Structures are given as structure tokens and as C-alpha cells.
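Take a look at the structure below.
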Amino acid sequence: MDSRIGVALLFGGRSAEHEVSISSARAVHDNLDPARYRIVCLFINKAGRWRQVPSPHLDPAVLIRGVFQSFLAWDAPGRGLQPKADIFWPVLHGPYGEDGTIQGLLELADVPYVGAGVLGSAAGMDKAVMKDLFRTHGLPIVPYVAIGEAEWSRSPKNVLRRIRAMAKPPMFVKPANLGSSVGITKVKEWTALGPAIETAFLYDRKALVEQGVEGRELECAVLGNDDPEASPPGEIIPSGEFYDYADKYLDGKTGFVIPAKLPAVVEARVRRLAVEAFRACEGAGLARVDFFLEKGTRRLFVNEINSIPGFTEISMYPKLWAAAGTPFPRLVDRLIELGFERHRAKKRRVDRASR
Ligand SMILES: Nc1ncnc2c1ncn2[C@@H]1O[C@H](COP(=O)(O)OP(=O)(O)O)[C@@H](O)[C@H]1O
Ligand SMILES: [Mg+2]
């Protein structure tokens, strides 16, 4: 009998961050102690179909071959995928992974899993909802306007008036639901605003226009459930105009400073705000909270929360914890414990309620 804990890694997925997810899954896989864990690898292809594979290290050309199945029992009665695992770990970034959809499936299956639940995942994925939550909780955010596609096509003039009352170039225009900087434009003059909004609507029916902040980009790692802890922050130094898709995944010229060089009061404030942002968005397990520190004024703004941050060997999240004294293998142990803890707490409540 194998008494090890069965950990199912879910990776790949339908989003633009498919490849990053594979890299993250490889790093998680390599840092799980084989004496303690039995790893089950569930690869999800870009069409959203699943296949159990021996390892995330398979060549991508091999990964995509073979028989894929639907995870929905009603698609394949009696033939659905039946992974034997004690806990599931969605190592998926972006839509259909980080947004509460997979988490909903895992809730329905009533299995323990790593990371935020349905609401926390969904709230962190929608930049408009996330900002509303930040604002409700008194967190500092940049001025922004959320626009619906229908509103934009009906009365662009009204929308532009609302934007003019709130921001001026440079501004950032983004689709509400995406990641990896896809669909994001830095608008440096008013004439570029309309096309930037159109671009954002290619990706989502909701878009955001934000006041641009000139300054430093800081990232802080949060770990825990009810009593989350924040790591010392790190700093991102984008190679181009902003931290865009190419900078994140193609050029690899981004600078990382870990830990960031900051006055003690600023560092303490970032860490406190990171925990507050985590709580505001119903975080669980892990999240990375990103900030802007404005040049000159030293004002701090919360930019966003990522409930499944990049998890490769060189990603900010594990690096921040390693620098804080929790090396990668300890971090994965802790995240698994936190997943079990949440599931146990829920079970206890159900038992109590039904007594
Ligand atoms: N309001 C802003 N001011 C300055 N830079 C911004 C602003 N919004 C976004 N950016 C730049 O664009 C990048 C991506 O935006 P972000 O909102 O983090 O989207 P994503 O979810 O795709 O990472 C940021 O890392 C930053 O470099
Ligand atoms: Mg970001």
C-alpha cells in the first residue's frame, strides 16, 4: 500500500498562459518530495480536454498527443477521468484556471485543493470587481473607469466624458478579465484612447481605463488562510515601456530585485496592504499582490491580486518566500497543508450543521 499523499497537478489549460502553466507545474513537480507525495499529472490541452500524463516534463509535442477526455461525467458516462488523489493543485493561470471555474468543479467533487475558492478566484480575475472590493476596504487604488462594451458602442461620447473627468494621459486601458498584459495599452495621448478601448474589447466585454502611475512596481507574496502572512516585497524592473507580454514571457530582460530596496516604513506598509488586499478578495492559500510606488510623491497603490501567481523556478512568488527563509520544497508542503486545512474546516462545519 502506498501511504504517500496523492497530489494531482492540473496544468496547461485553455488560457494564453498555457505554456507558463506547464513551466510552473514542472517546478512544483520537482519540488514535491517523492518520499512524501505520489504525484498525479493531469494535463489540460488548449481545447480544455484532459489527459493523465507521467510528468509535466514530457516534450510539449508529446504532451498534446494521446487520448484526451472530458472531465464532465455527462460527456462520457462511465468513462470520465478518475484520478486517484487526496488533494488537487490547479497550477493554471488566467481564465479557466485562476478564475473560479476549476475551483467550482473541485468544490462540486468535494475534494481538497490548493489555493483560493470560487469567489476569491473569480474576484481576483475580474479587475473591475477586484478594484471595487479594494475600494470598499479602503485600500489605495488609482482612479479608474470601468466600461461595458454595450455602453461604449451606444454612447462613446458619454464614456469619454467620464474618462476625462477622472484621468489624463498616460493612462492604461485593459480588458477586465485577462492576464499576462494581453490586450493592455498604454495611452500617451487622447487620440489613442478610442483604439485602445477597442483593443481591450477584443478580449472582454468589460474594460478598464486607469490613471497611469509613474514609479516603481513592487510585488508581495501572501501565504496562509485565516491568518495570512506577507513576504518582504520584491521589485520588477520592466525592460520596456511597461511590464508587457513580451517582457513577461518572451524577452526575459525584466529585472527582479529580491528583496526590494525600500525604506522600512514603506516595506511595512506594502506588507500590511498585501494582507488586507488578500482578505478583501477572499484569498486562501496563496496570492501575489502587486503595487505601484509613485515617483516623487511616494504614494503607494495596490494594482492587483493574482490568486495563482507564476510558480516557475524563477518566479517572484517562490523566490520571495525563499528569500524570506521558506525554500521552494517547504513552500509546496505548506500550500498542501493549507489546502487540507480549508477542506477539513469546511467538513467540520457541514458535520456540525447536520447534527
Ligand atoms: N495604472 C497603471 N500605471 C502604470 N503602469 C500600469 C498601470 N496599469 C498597468 N500598468 C503596467 O501594465 C502591466 C500589466 O498590468 P496589470 O494590471 O498588472 O495586468 P495583468 O493582469 O495582465 O498583469 C503592469 O505590470 C504595469 O507595468
Ligand atoms: Mg500584473
Side-chain angles (χ1 to χ4, degrees), residues 15-17 20-21 92-95 97-99 121-132 134-135 139-146 163 166-188 192-193 196-197 199-200 202-204 206-222 233-251 253-257 260 274 277 281 287-297 299-311 315-317 320:
S15 86
E17 287 151 295
V20 195
S21 161
L92 295 157
H93 310 298
E98 197 175 346
D99 60 355
S121 304
M125 196 69 220
D126 186 304
K127 292 189 201 302
V129 172
M130 171 170 67
K131 288 217 153 69
D132 288 346
F134 287 161
R135 190 166 46 193
L139 291 156
I141 52 173
V142 298
Y144 72 97
V145 171
I163 295 169
M166 185 279 313
K168 59 179 194 312
M171 296 176 285
F172 279 79
V173 182
K174 347 179 156 170
N177 272 283
L178 223 66
S180 301
S181 302
V182 174
I184 299 187
T185 312
K186 180 174 183 177
V187 170
K188 294 199 252 181
L193 181 58
I197 293 174
T199 301
L202 293 176
Y203 300 94
D204 195 6
K206 219 158 54 172
L208 256 73
V209 180
E210 288 182 15
Q211 179 59 56
V213 177
E214 219 196 305
R216 296 165 69 183
E217 284 194 53
L218 306 172
E219 301 191 341
C220 189
V222 182
E235 179 167 4
I236 295 283
I237 304 179
S239 69
E241 186 81 43
F242 69 99
Y243 195 26
D244 62 7
Y245 186 87
D247 215 359
K248 283 178 180 168
Y249 303 124
L250 307 177
D251 307 349
K253 287 190 209 128
T254 313
F256 294 94
V257 185
C281 290
R288 199 191 68 225
V289 181
D290 300 345
F291 295 84
F292 300 122
L293 179 61
E294 194 171 47
K295 203 162 83 185
T297 67
R299 280 193 300 177
L300 200 56
F301 298 99
V302 181
N303 173 34
E304 63 162 345
I305 185 164
N306 293 283
S307 59
I308 309 184
F311 224 101
S315 293
M316 191 59 118
Y317 188 88
L320 285 172

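The first residue in the sequence is number 1, and the count goes up from there. Read the numbers this way: they start at 1 and go in the same order the structure lists the ligands and their atoms. No experiment lies behind these values; they were computed from the predicted model shown.
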Check your understanding: Does at least one non-hydrogen atom of Pro238 fall below 4.0 angstrom from an atom of ligand 1?
Key -> no
Review point. Within a strict 4.5 Å, meaning less than it, do heavy atoms of the Pro175 and Leu208 side chains meet?
Key: no
Practice item. State, with a plain yes or no, whether a side-chain heavy atom of Ile236 is found less than 4.5 Å away from one of Asp290. Key: no
Check your understanding: Any side-chain heavy-atom pair from Val173 and Leu193 closer than 4.5 angstrom?
Key -> yes
**Study point:** From Phe292, Tyr144, Tyr243, Phe301 - option closest to atom 6 (C) of ligand 1 by heavy atom
**Key:** Phe292
Check your understanding: Just heavy atoms, cut-off under 4.0 Å: does Ile184 contact ligand 1 by side chain, backbone, both, or neither?
Key -> side chain
Point to revise | Heavy-atom side-chain proximity of Arg135 to Tyr144 below 4.5 angstrom | key: yes
Check your understanding: Side chains of Val187 and Val209: closer than 4.5 Å at any heavy-atom pair?
Key -> no
Practice item. Give the atom name of whichever N/O/S atom in Glu304 sits closest to the Mg ion (ligand 2). Key: OE2
Check your understanding: Are any of the N or O atoms of Val213 closer than 3.5 Å to those of ligand 1?
Key -> yes
Review point. So do Phe291 and Val302 actually touch side chain to side chain, heavy atoms under 4.5 Å?
Key: yes
Study note, to complete from the structure: Restricting to heavy atoms, the pick from Glu17, Lys174, Glu219, Glu210 nearest atom 17 (O) of ligand 1 would be Lys174
**Study point:** Which segment of Gln211 sits under 4.0 Å of ligand 1 when only heavy atoms are counted
**Key:** backbone
Check your understanding: Could a heavy atom of Met171 be found less than 4.0 Å from some atom of ligand 1?
Key -> no
Review point. Between Lys188 and Glu241, does at least one N-O distance fall below 4.0 Å, as a salt bridge requires?
Key: yes
Check your understanding: Below 4.0 Å from any atom of ligand 1, is there a heavy atom belonging to Asn303?
Key -> yes
Point to revise | Per-atom contacts of ligand 1 with Lys127, taking only distances under 4.0 Å to non-hydrogen atoms | key: 17 (O), 19 (O), 20 (P), 21 (O)
Practice item. Return yes or no for this condition: an N or O of Asn306 is under 3.5 Å from an N or O of ligand 1. Key: no
**Study point:** Side-chain heavy-atom pair Phe172, Val142 within 4.5 angstrom cut-off
**Key:** no
